[in-house]
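Order of listing sets the numbers, starting from 1, for every ligand and every atom in it. One is the number of the first residue; the rest follow in order along the sequence.
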Amino acid sequence: MQVIESVAVFRKAHAVAAKPLGLVPTMGFLHEGHMALIHRARKENGTVAVSIFVNPTQFGPSEDFETYPRDMDADLAHLDDAGVDLVFAPPIEEVYPLGFDTFVDVGRVGERLEGQHRTGHFRGVATIVCKLLTIVRPDRAYFGQKDAQQCLVVKRLNADLNLGAEIVVCPTVRDPDGLALSSRNVYLSRSEREAALSLHRSLTLARQLHSQGENDADMVKRRMGELITAYPAANIDYISIADAENLTELDIIDRPALVSLAVRIGRTRLIDNVIL
Ligand code: PAF
């Protein structure tokens, strides 16, 4: 496994790498969700590259960039065990050198939900993903469905800017009790972790109500909200039922719908979703 910090060295490694090349972009502190993407990439590609970069431009000023969990040594050990070929782990100044002044302006798909609650987040995500796809030049890039809106933003970006990768979206990986894996779960105390189960439980309720014939989106959202607010530690940022392709909010669930939510558990903000 080759660990590379510079764009120039990565370009040389790309030139001699077996193709197709699969990229798993990450911010490190790897968990089984990331590893599922890596195992899938390993099966489908001649070379597997993983990027580790905590991207400052996708964090708001009051968010957790400084404290975001990091453990490079453990990450590299996991990646080596998983048979990863190339790790791209650049320092900040390699990605955003002095004078850096160009960002990707994300369109409508990034405006609502996370885009509305985290101003500038998708501008930062689209900019770094654009840079990673042009530096690493993968044939395929792998993303997790837990970040459903990010997947839509990345697909749009890849198509609109002709970046040429196949974007592969993989299912959310959950703990046995349903909690979606996230690097931020490490922030949760024992009691907060219990409250964090309200996200998956409310999504399961939405699925149940819909399968019983409930198509009124407000009714489903109300019932989800009641379930979540029964946990005193949980504060809802949003609950949305939207067209799964363009994220327009639905009144009636009459087409494939993305049910998504963001909930603050203490100081930890968690997101999750299901497709109906
Ligand atoms: O999902 C993430 O971990 C990040 O948003 C990504 C795609 C690596 C960009 O920094």
Side-chain angles (χ1 to χ4, degrees), residues 4-5 7 10 22-38 40-41 48-60 63-72 74-76 78-79 84 86-92 94-96 100 103-104 106 109-110 113-115 117-138 140-158 161 163 165-174 180-187 260 262 268-273:
I4 299 173
E5 295 193 351
V7 174
F10 199 93
L23 168 68
V24 181
T26 82
M27 298 205 298
F29 208 68
L30 304 176
H31 51 65
E32 284 307 316
H34 298 111
M35 297 317 289
L37 305 182
I38 291 163
R40 169 101 184 251
V48 176
V50 174
S51 61
I52 300 180
F53 180 67
V54 185
N55 174 38
T57 64
Q58 69 188 74
F59 289 79
E63 294 184 11
D64 56 346
F65 172 69
E66 296 296 342
T67 56
Y68 192 83
R70 292 158 168 91
D71 191 344
M72 187 59 89
D75 287 349
L76 293 179
H78 290 311
L79 296 179
V84 167
L86 301 173
V87 179
F88 181 52
I92 291 191
E94 182 71 3
V95 178
Y96 298 115
F100 181 90
F103 288 85
V104 176
V106 176
V109 74
L113 309 177
E114 290 302 285
H117 286 79
R118 301 182 67 189
T119 311
H121 171 65
F122 284 126
R123 180 181 189 250
V125 169
T127 302
I128 187 63
V129 172
C130 184
K131 285 180 68 92
L132 289 171
L133 293 185
T134 49
I135 295 165
V136 176
R137 282 183 289 148
R140 302 190 181 97
Y142 296 80
F143 294 85
Q145 171 64 22
K146 185 176 82 66
D147 298 303
Q149 191 176 13
Q150 170 169 280
C151 292
L152 293 175
V153 166
V154 168
K155 282 184 176 171
R156 192 73 267 154
L157 163 79
N158 182 59
L161 300 187
L163 297 176
E166 180 192 341
I167 305 300
V168 183
V169 177
C170 303
T172 302
V173 179
R174 299 179 180 282
L181 298 193
S182 161
S183 302
R184 290 189 170 100
N185 290 353
V186 72
Y187 297 146
S260 64
T268 308
R269 184 175 183 279
L270 300 175
I271 59 172
D272 202 350
N273 68 82

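The pair Lys131-Glu94 fails the salt-bridge criterion, with no side-chain N (NZ, NE, NH1 or NH2) lying under 4.0 Å from an Asp/Glu carboxylate O.
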Between the protein and ligand 1, which nitrogen or oxygen pairs come in under 3.5 Å, and how far apart is each?
unit_1: ligand 1; atom_1: 1 (O); unit_2: Gln150; atom_2: NE2; d: 2.8
unit_1: ligand 1; atom_1: 5 (O); unit_2: Gln58; atom_2: NE2; d: 3.0
unit_1: ligand 1; atom_1: 5 (O); unit_2: Gln150; atom_2: OE1; d: 2.7
unit_1: ligand 1; atom_1: 10 (O); unit_2: Gln58; atom_2: OE1; d: 2.6

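To the nearest 0.5 Å, atoms CD (Glu5) and CZ (Phe10) are separated by 13.5 Å. Put simply, CD1 on Ile38 and CG on Leu79 are 5.0 Å apart, with the number rounded to the nearest 0.5 Å. Distance check, rounded to the nearest 0.5 Å: CD1 of Ile128 to CD1 of Ile135 gives 6.5 Å.
In this structure, Arg70 satisfies the cation-pi test against Phe65, with its NZ or CZ atom closer than 6.0 Å to the six-membered ring centre and inside 45 degrees of the ring normal.
Among residues at least two apart or in separate chains, side-chain hydrogen bond (donor to acceptor under 3.5 Å, both in side chains) pairs with a member in residues 165-174 are Arg140-Glu166, Arg174-Asp272.
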